[in-house]
Student: 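The structure follows.
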Amino acid sequence: MPFHGWALLGGGVGFANIACGGDGCTSGWKLRGPIFLLSAGVMLNPHLGVGAGLDVWWRSPLDTEATNTGTLFLRYYPSVRVGAFLEGGAGLSRASVRLHGDTIAQGRRWAVMGAVGYDVRLLTVNGADITLTPRVSYVSSSIGALKYAAGSTLFAAGWRHQVLSFGLAVAAVGPRARR
């Protein structure tokens with residue numbers, strides 16, 4: 001029996017808008033940074049699926065600022081053919097700031113995620129389509145307080161971040177569930 005779902009792995013570039021208050025906290029749109037995308041899910045019917053995903057953004061190779069967001073989401077295909085899809089969901093987001101050396105300030109809170117993408121079929125293997133999938137996603141979270149990992153000392157108050165990501169992934173997309 002074929003698996004009716006998808007698995008996706010990719011990367012790209014993202015832009016983060018960070019707003020906060022406190023010593024050493026720089027607010028505003030950051031320079032672009034790399035992203036990592038991972039998701040998997042199962043189709044409930046030919047148009048609607050449910051999945052779990054991870055969107056990761058970091059500012060630089062030094063990992064000075066980073067956000068990780070794990071979401072549960074719905075994926076909607078307007079057509080029964082492989083092609084355009086929409087995603088929307090919510091999950092837990094973690095923001096971290098690496099300071100001098102190994103000192104890290106971090107915080108966690110709920111986030112919302114929305115994405116659009118398009119599965120471009122490259123080939124079909126055992127009934128599953130191997131696709132190249134461009135995807136644009138948006139994640140927003142109001143973390144609140146970022147505190148140093150070693151204690152409860154406040155690094156930044158009112159931390160909010162938005163990340164707009166442009167990614168390219170390779171996916172395995174199984175046949176859609178038939179109802």
Side-chain angles (χ1 to χ4, degrees), residues 5-42 49-76 85-118 132-171:
W6 73 90
L8 176 141
L9 176 66
V13 63
F15 300 87
N17 180 17
I18 297 173
C20 58
D23 294 340
C25 183
T26 56
S27 296
W29 283 99
K30 301 295 179 189
L31 296 175
R32 66 186 174 110
I35 61 161
F36 172 75
L37 307 168
L38 176 68
S39 78
V42 58
V50 62
L54 178 65
D55 287 85
V56 179
W57 171 86
W58 61 98
R59 182 176 177 187
S60 72
L62 300 176
D63 198 24
T64 53
E65 284 128 347
T67 67
N68 304 308
T69 305
T71 55
L72 294 176
F73 60 88
L74 294 176
R75 178 181 271 200
Y76 175 72
F85 62 85
L86 303 169
E87 295 176 343
L92 188 62
S93 188
R94 181 178 72 90
S96 63
V97 177
R98 183 177 305 275
L99 304 169
H100 311 280
D102 289 334
T103 305
I104 297 175
Q106 61 185 348
R108 290 180 178 80
R109 182 115 358 126
W110 295 106
V112 294
M113 180 278 297
V116 297
Y118 194 91
L132 191 59
T133 304
R135 180 177 176 267
V136 177
S137 67
Y138 172 79
V139 172
S140 178
S141 181
S142 293
I143 299 284
L146 257 63
K147 297 183 178 182
Y148 292 102
S152 61
T153 305
L154 184 66
F155 168 73
W159 180 283
R160 294 183 321 274
H161 65 257
Q162 302 171 73
V163 178
L164 180 62
S165 300
F166 301 89
L168 190 58
V170 175

Student: To check you understand the geometry: which heavy-atom pair defines the closest contact between W159 and E65, and what is its length?
Tutor: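 For W159 versus E65, the nearest heavy atoms are CH2-CG, 4.5 Å.
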Student: Can you list everything that forms a ring pair (Phe, Tyr, Trp, His ring centres under 6.0 Å) with F85? Sequence neighbours excluded, please.
Tutor: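 Partners of F85 by the ring pair (Phe, Tyr, Trp, His ring centres under 6.0 Å) criterion, ordered by chain and then number, come out as Y77.
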Student: Using the rule given for side-chain contact (heavy atoms from CB on, under 4.5 Å), can you reason through V170 versus L9, listing the C-alpha separation, both sets of side-chain angles and the distance that settles it, and then say yes or no?
Tutor: CA-CA 6 Å; V170 175; L9 176 66; 6.0 Å; no
Student: Y76: what forms a side chain to side chain donor-acceptor pair (under 3.5 Å) with it, not counting sequence neighbours?
Tutor: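 Side chain to side chain donor-acceptor pair (under 3.5 Å) check on Y76 returns nothing, list empty.
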Student: Got L164 and F166 here, is their nearest side-chain heavy-atom distance under 4.5 Å?
Tutor: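 Yes, side chains in contact.
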Student: Got a second to check how far L168's CG is from T133's OG1, nearest 0.5 Å?
Tutor: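 Interatomic distance, L168 CG to T133 OG1, rounded to 0.5 Å: 8.0 Å.
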Student: How many angstroms lie between OH in Y118 and CG in L132, if you round to the nearest 0.5 Å?
Tutor: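 It comes to 12.0 Å.
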Student: Taking all atoms of both residues into account, what is the closest heavy-atom pair of A66 and W58, and its distance?
Tutor: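 The pair with the smallest heavy-atom distance is CB-CB, 3.9 Å.
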Student: How long is the straight-line distance from CD1 of I104 back to CG of L146, given to the nearest 0.5 Å?
Tutor: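 So the gap between those two atoms works out to 11.0 Å.
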Student: With sequence neighbours left out, write down each residue that passes side chain to side chain donor-acceptor pair (under 3.5 Å) with T67, or none if nothing qualifies.
Tutor: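 Side chain to side chain donor-acceptor pair (under 3.5 Å) check on T67 returns nothing, list empty.
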Student: Does the pair Y138 and V136 meet the rule for a side-chain contact (heavy atoms from CB on, under 4.5 Å), with working shown?
Tutor: CA-CA 7 Å; Y138 172 79; V136 177; over 6 Å; no
Student: Please list, chain by chain and in numerical order, all residues satisfying side-chain contact (heavy atoms from CB on, under 4.5 Å) with L72, sequence neighbours excluded.
Tutor: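 Here the qualifying residues are A52.
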Student: S93: which residues meet the side chain to side chain donor-acceptor pair (under 3.5 Å) condition with it, sequence neighbours left out?
Tutor: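 S93: side chain to side chain donor-acceptor pair (under 3.5 Å) contacts with T69, H161.
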Student: At their closest point, which heavy atom of A16 faces which heavy atom of V163, and how far apart are they?
Tutor: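 That closest heavy-atom pairing would be CB-CG2, 4.0 Å.
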Student: On a heavy-atom basis, which atom in W6 and which in S39 lie closest, and how many Å separate them?
Tutor: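 In terms of heavy atoms, the two residues are closest at NE1-OG, 3.3 Å.
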Student: List the atom of I143, the atom of G107, and the distance in Å for their closest heavy-atom pair.
Tutor: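 Result for this residue pair: CG2-C, 3.6 Å.
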Student: If I compare all heavy atoms of S141 with all of R109, which pair ends up nearest, and what's the gap?
Tutor: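 Scanning both residues completely, I find the closest heavy atoms to be OG-O, 3.8 Å.
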Student: Can you sort out the partners of S137 under side chain to side chain donor-acceptor pair (under 3.5 Å), two or more places apart, ordered by chain and number?
Tutor: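 Partners of S137 by the side chain to side chain donor-acceptor pair (under 3.5 Å) criterion, ordered by chain and then number, come out as D55.
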Student: Which distance, rounded to the nearest 0.5 Å, do you find between the CD of E87 and the CG of L74?
Tutor: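 Those atoms lie 9.5 Å apart.
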